[in-house]
Protein chains: 2
Amino acid sequence: MQQIQAIKPTGPAKTSAKRDAILEAAVELFLEVGYGAASINTLIAHVGGSKATVYAHFENKERLFEAVVDEVLSEVSTAMSGIDLAGFGLRDGLQYVGEHLLHLVTSKRHIDLARLVIAEAQRFPEIGRIYYDHGPALAYKGLSVFLLEHSNGEGSFRVTDEDTAAAWFASMLIHRSFLERLCIGTEPPSSRQIEVKVEAVVTAFLDMYRLRATMKSEGGYPCD
Amino acid sequence: MQQIQAIKPTGPAKTSAKRDAILEAAVELFLEVGYGAASINTLIAHVGGSKATVYAHFENKERLFEAVVDEVLSEVSTAMSGIDLAGFGLRDGLQYVGEHLLHLVTSKRHIDLARLVIAEAQRFPEIGRIYYDHGPALAYKGLSVFLLEHSNGEGSFRVTDEDTAAAWFASMLIHRSFLERLCIGTEPPSSRQIEVKVEAVVTAFLDMYRLRATMKSEGGYPCD
DNA sequence: AATGTACTGTAACATGCGGTACAGTTCAAC
DNA sequence: GTTGAACTGTACCGCATGTTACAGTACATT
């Protein structure tokens, strides 16, 4: 008779305005201070209400954490898969996707997410996997398809290993800014800076592959 | 009269075999589980002895952490600055430095260090800065100097923005493996895989800049 | 033999943690 | 007006944390 709550934990598990509020606050908190340093007390201090309510909606701190990562990840991957390259020419498409990519990657939301994921990828291997699949891998794949589609069309662009090519393009674009932002707190680049950076990478990238088609008869860059 | 230990904390602060043992064990522990999850109790369980000894040599958990990061960082940056490119031609030099770089970056030691640094760079901004300066920035600089030295010599290689070129080379080489290893626990590449990967990147990179010198009259890739 | 230093073992401290219990409140639906 | 579900506030549990205190041991130097 006693411990009714232990059997039926007082609350719903699915939709709820309160649940959303808690989740939202948890997102901010986890992204800011990380998993270990984020306490449930601090959470309710921000969102208001009571610990019991939190535990009515989320079984664990771990489950709450998973929900947080899912939430932010869906934001990011939605933004990423929302990039539509249909109708773009090769150069314009690369410029377009490049600007979006660099903007997204260096955004505060994504940097905080990446930090969180990298920090906890050992303890929660799932979230590392999910992040990689729904983030970088997704971007690589989209780029790779686009490159393949334009492999014979314009200019003298031809690519044999489109996956590697996509990774190179993204890496040239992203790597330095990403790491700088993760390690030292560099500010995200402005729209103008992004534009210029992408232009340089696109030009260099196209030159790289244009040359291969014109100067060498066959074969791509052997990689994997 | 009482609290003598509080004034003079019983032990030495500099050289000591015990201190080294503690530091070594702390390195392993912090690298494995991160700052928050590493407790002093776990530490002494691995190294033996007593908590008091730890606190005789290190004022804080934070100070101990800083010592750990310094230690591992010096290992890494020693390995990095130990790469001597004198006497190498352009292509061979890039191949050589590329192989070392990729090997170093994907090594367990460095990946664990990077994870730790990225995870704590918010709470300890210093270590993020130190890592970046003694790691990536140092590598970029070395590469950049090497590229500039060979900018007019062999082939038709010419570079106007050697810093950007160095970053691009390193990024193409590193980014994907680095991120994969951080997020999903990909195994480090074998020596053979490294060799092949670097060859591909070197060829593509040289083609990229060779083209610029032959097809365009002036100017590099505008970037920053 | 005496001294002083490095170290050990154990216990304690204050604090904060995740998580639970429970009584009380709000409020919409019937 | 009654019911019942969602929520709040507070107090609590057990436990682990960083850190300190302190009494005792090992040992090299004088």
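A note on names: the letters A, B, ... follow the listed sequences, proteins ahead of strands, and every chain is numbered from 1.
- Using a 4.0 Å cut-off, some side-chain N or O of A:S16 falls inside it from OP1 or OP2 of D:dC7.
- Salt-bridge formation is not detected for the pair A:K61/A:E66: no Lys NZ or Arg NE/NH1/NH2 atom is positioned less than 4.0 Å from an Asp or Glu carboxylate oxygen.
- The distance from atom NZ of A:K61 to atom C1' of C:dG19 is 12 Å, rounded to the nearest whole Å.
- At most 12 heavy atoms of other shown residues, nucleotides or ligands fall within 6.0 angstrom of atom CD in A:E32.
- Distance NZ (B:K18) to C1' (D:dC27): 15 Å, rounded to an integer number of Å.
- Regarding B:L43, its CG atom lies at a distance of 12 Å from the P atom of D:dT19, rounded to whole Å.
- In this structure, the separation between CG on B:L182 and CZ on B:R115 is 6.0 Å, given to the nearest 0.5 Å.
- Within the nucleic acid shown, B:A38 comes within 4.0 Å of sugar-phosphate atoms alone, with no base atom in reach, counting heavy atoms only.
- Positionally, the nearest nucleotide of DNA chain C for A:S39 lies more toward the 5' end than for the other of A:E59 and A:S39.
- Closest approach to the A:A52 side chain among C:dA21, D:dC7, C:dC7 is made by C:dA21 (side chain taken as heavy atoms from C-beta onward).
- Within the 4.0 Å cut-off from OP1 or OP2 of D:dC7, not a single side-chain nitrogen or oxygen of A:S50 is found.
- Side-chain atoms of A:K51 stay outside donor-acceptor range of the base of D:dG9, with no qualifying N/O pair under 3.5 Å.
- Under the rule for a salt bridge (Lys or Arg N to Asp or Glu O under 4.0 Å), A:R181 has no partner lying at least two apart in sequence or in another chain.
- Distance B:Y55 OH to C:dC13 C1': 13 Å, rounded to the nearest Å.
- Taking atom CD on A:E62 and atom P on C:dC17, their separation rounds to 17 Å, with Å as the unit.
- Taking 4.0 angstrom as the limit, B:H57 places none of its side-chain polar atoms (N or O) nearer than this to OP1 or OP2 of C:dA6.
- One can place CD1 of B:I40 at 18 Å from P of C:dT10, the figure rounded to the nearest angstrom.
- The two residues A:A166 and A:S144 have their closest heavy-atom pair at CB-N, 3.7 Å.
- Taking atom CZ of residue B:R19 and atom P of nucleotide C:dA6, one finds them 13 Å apart after rounding to whole Å.
- Atom pair A:N41:CG and D:dG9:P shows a separation of 13 Å (rounding to whole Å applied).
- Here the side chain of A:T53 is nearest to one of D:dC7, C:dC17, D:dG18, namely D:dC7.
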